Amino acid sequence: MLYGFCVLVLFQLIGEAASTLLHLPLPGPVLGMLLLAVWCVWHREVDPRLAKVAHGLLGYLGLLFVPAGVGLMLLGPVLRDQGLAMLPVLVLSSVITMAVTALTMKAMLNRHRRKLRNRVLARRKGKADEL
């Protein structure tokens with residue numbers, strides 16, 4: 001478990017350093033997560049030790065929403081005054097996010113189906129050539 005945790009922290013550190021040194025508008029932990037995703041794709045697998053730690057941390061993901069909830073409670077007067085103006089923006093951004101996610105998923109599934117179909121056709125062609 002120590003290896004997996006160290007990998008996560010290392011990628012967060014790399015992301016933080018890159019974000020700071022390159023003056024990127026992206027938060028360091030987000031950049032580190034993207035770099036970790038690229039690393040996993042590059043290696044075509046997720047190290048089981050890393051997956052075990054990541055799965056364990058997912059159980060505590062809900063705790064990350066506690067500070068946001070406290071912040072909302074502290075900003076009660078602002079929400080009371082400007083909440084109605086914020087509501088359409090929140091709804092629209094949620095709808096856009098869901099639509100983009102659905103379109104991305106559809107594109108990925110179509111790509112996967114094409115790859116499978118091409119593999120099947122290649123195998124059939126190989127068998128036909130043998131006859």
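Please read all numbers here as calculations on a predicted model, not as lab measurements.
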Practice problem: State yes or no: do Leu22 and Leu26 share one hydrophobic cluster built from I, L, V, M, F, W and Y residues joined by side-chain heavy-atom distances below 4.5 Å, directly or via other members? | Solution: yes
Quiz item: Which of these passes side chain to side chain contact (heavy atoms under 4.5 Å, CB included) with Val100: Thr97, Thr104, Leu103?
Solution: Thr104
Quiz item: For Arg119, which residues count as a side-chain contact (heavy atoms from CB on, under 4.5 Å) partner, sequence neighbours excluded?
Solution: Leu116
Practice problem: Identify the heavy atoms of Pro88 and Leu84 that sit nearest to each other, and give their distance. | Solution: CD-O, 3.1 Å
Quiz item: At what distance, to the nearest 0.5 angstrom, does CD of Gln12 lie from CG of Leu35?
Solution: 12.0 Å
Quiz item: Taking only residues at least two apart or on different chains, which pairs with a member in residues 24-48 satisfy salt bridge (charged side-chain N to carboxylate O under 4.0 Å, His left out)?
Solution: Asp47-Arg49
Quiz prompt | ILVMFWY network linking Val38 to Leu13, side-chain heavy atoms under 4.5 angstrom | solution = no
Practice problem: Supply the atom-to-atom distance Arg117 CZ to Asn110 CG, rounded to the nearest 0.5 angstrom. | Solution: 8.5 Å
Quiz item: Would Val66 end up clustered with Leu74 when hydrophobic side chains under 4.5 Å apart are linked, directly or stepwise?
Solution: yes
Practice problem: Output all residues satisfying side-chain hydrogen bond (donor to acceptor under 3.5 Å, both in side chains) with Asp81, sequence neighbours left out; order by chain, then residue number. | Solution: none
Exercise. Name all pairs fulfilling the side-chain hydrogen bond (donor to acceptor under 3.5 Å, both in side chains) condition that reach into residues 18-29, sequence neighbours left out, sorted by first residue then second.
Key: none
Quiz item: Which other residues belong to the hydrophobic cluster containing Leu21, where Ile, Leu, Val, Met, Phe, Trp and Tyr are joined when side-chain heavy atoms lie under 4.5 Å apart, directly or via other members?
Solution: none
Quiz item: Are Met1 and Leu10 co-members of a hydrophobic cluster defined by side-chain heavy atoms under 4.5 Å apart?
Solution: yes
Quiz item: Between Cys40 and Val46, which heavy-atom pair has the shortest distance, and what is it?
Solution: SG-CG2, 4.0 Å
Self-check item: Nearest heavy atoms of Ala85 and Val89, plus distance in Å
Solution: O-CG2, 4.1 Å
Quiz item: Residues in ring-ring contact (aromatic ring centres under 6.0 Å, His included) with His43, at least two apart?
Solution: Trp39
Quiz item: Do you reckon Met86 sits in the same ILVMFWY cluster as Val78, going by side-chain contacts under 4.5 Å, direct or chained?
Solution: no
Exercise. Please examine the side chains of Leu50 and Leu36, heavy atoms only from C-beta on, and report whether any two atoms are closer than 4.5 Å.
Key: yes
